[in-house]
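The structure appears right after this line, and notes come after that.
So that the names make sense, note that chain A is the first sequence line, chain B the second, and so on, each numbered from 1. Reckoned from all heavy atoms, side chains included, excluding hydrogens, waters and symmetry mates. Treat the numbers as computed from the prediction; the structure is a model and nothing was measured.
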Amino acid sequence: MSTRDWILHVDLDQFIAAVEILRHPELRGKPVVVGGSGDPAQPRTVAATATYEAREHGVHSGMPLRTALRRCPEAVFLPSDPPAYEAASERVMAVLRDFPVRVEVWGWDEAFVGAAIDDPEALAAALQQAVHDRTELSCSVGIGENKHQAKLASAFAKPAGIYRLTGANWAEVMNDRPTDALWGIGARISKRLAALGLHTVAQLAAADPAELAGHFGPTNGPWYRYLALGKGEAEVVTTPWIARGHSRETTFPHDLTDRDEIARHVAGLAGHVAQDAAAAGREVIRVSVKVRFAPFLTRTRQSKLPAPTTDAGVLSAAALSVLGRFDLDRPVRLLGVAVDYTLPDQ
DNA sequence: TCTGGGGTCCTAGGACCC
DNA sequence: TCTGGGGTCCTAGGACCC
């Protein structure tokens with residue numbers, strides 16, 4: 001074997017559920033649903049995750065808790081606890097960083113690992129073992145020549161396995177799959193591709209880039225074909241990510257109709273975002289307000305600020321000004337405030 | 001299954017300017 | 001006069017992901 005660059009995608013299995021089971025060992029083997037404040041009677045709250053035992057009853061992440069309760073009345077419902085998941089994630093990433101590899105954190109429960117080695121399966125197994133020894137968490141590892149291949153491979157490796165997807169087996173493994181099997185093509189684009197006669201990965205790979213550009217834009221169109229060929233980003237970036245922006249939003253259990261109450265909520269969200277921005281040491285250059293009307297119509301309005309700021313009063317005033325451009329003539333189920341940060345090189 | 005919250009990036013169209 | 005063409009900025013929305 002010869003040494004070459006490999007990308008490994010480390011994906012923790014059932015991350016949130018696994019963390020909760022570690023904290024509540026008595027729940028092992030039981031149907032558990034995690035989400036919201038853990039109250040299945042609360043409307044407009046969905047499951048963040050469900051254990052295999054709950055899935056057997058037809059419960060899955062994204063499902064309203066009330067539906068989950070109906071399907072699995074004996075399930076234990078737990079509140080979502082982001083700080084606990086953040087802490088568990090940190091412990092896992094620290095394990096990965098102890099190896100002589102490059103680590104790019106990709107959310108709570110995922111990381112890309114880059115290494116120049118001759119036996120990626122051996123590295124994958126060593127990573128799994130170390131993660132399990134030090135955190136009691138299980139992970140799957142995908143091996144590829146780029147992030148796209150490695151990411152898809154880790155899904156094939158679940159649970160707790162190792163899978164290699166490269167140019168050598170790409171066509172054999174992927175060609176007959178639907179286009180939304182690719183990382184970056186979802187249901188909508190897949191449907192539009194199908195309308196053009198492009199149903200499978202192989203068909204998309206053979207499509208004319210110029211025609212794709214005509215339908216999906218100069219960047220996206222050719223990019224989809226690129227994905228179908230099994231290509232993708234191959235650089236593991238170890239420097240910390242610099243957030244482009246930040247947001248806070250709330251779905252209300254019951255619709256809001258009172259304008260003053262709506263304004264109070266927007267001001268509160270803006271204050272929260274301002275506090276977050278200050279804590280992150282970032283300046284804000286744009287403020288957006290999101291309103292989701294009942295039943296589910298979402299609209300956004302935004303405004304660029306005259307100058308970057310961290311001032312909570314300025315942000316609240318800007319958010320309220322943007323809110324004033326909405327027709328609040330229908331019941332409101334969600335309000336959100338988002339900001340764009342100035343980037344360091346600007 | 002009456003549909004969370006937090007992100008990123010791309011596109012299209014209008015305003016404005018030269 | 002009745003109308004070009006390019007470039008940039010800004011906004012709204014769409015799509016994807018975890």
- Item | A:F15 CZ to C:dC18 C1', straight-line distance once rounded to whole Å | 12 Å

- Message: Expected output is a numbered-order residue list: members of residues 289-303 of chain A with a heavy atom under 4.0 Å from any atom of DNA chain B. What is it?
- Response: A:R292, A:P295, A:F296

- What is the nucleic acid contact for A:G62, judged by heavy atoms within less than 4.0 Å: base, sugar-phosphate only, or nothing? nothing

- Message: Could you tell me how far apart A:R66 (CZ) and B:dG4 (P) are, to the nearest whole angstrom?
- Response: 12 Å

- Task: Could you tell me the separation between the CD1 atom of A:I189 and the P atom of B:dC9, rounded to a whole number of Å?
- Result: 17 Å

- Message: Can you confirm whether the side chains of A:S138 and A:D13 place a donor and an acceptor under 3.5 Å from each other?
- Response: yes

- Query: Would A:V201 end up clustered with A:F156 when hydrophobic side chains under 4.5 Å apart are linked, directly or stepwise?
  - Reply: yes

- Item | Cationic N near anionic O, under 4.0 Å, A:E20 to A:R23 | yes

- What heavy-atom pair brings A:R66 and A:Q42 nearest, and what distance separates the two atoms? CG-O, 3.8 Å

- Task: Using the C1' atom as the reference point in each nucleotide, state the distance between C:dG4 and B:dC16 in Å, no decimals.
- Result: 16 Å

- Roughly how many Å is it from CG in A:L182 to C1' in C:dA15, rounded to a whole number? 15 Å

- Considering only B:dT3, B:dC9, B:dG7, which nucleotide approaches the side chain of A:R244 most closely? B:dC9

- Bracket notation of DNA chain B in which parentheses pair within the strand, [ ] cross earlier pairs, and | pairs with another strand (Watson-Crick or G-U, under 3.5 Å): ....||||||||||||||

- Message: Looking at A:H246, I'd like to know whether one of its side-chain N or O atoms comes within less than 4.0 Å of OP1 or OP2 on B:dG7.
- Response: yes

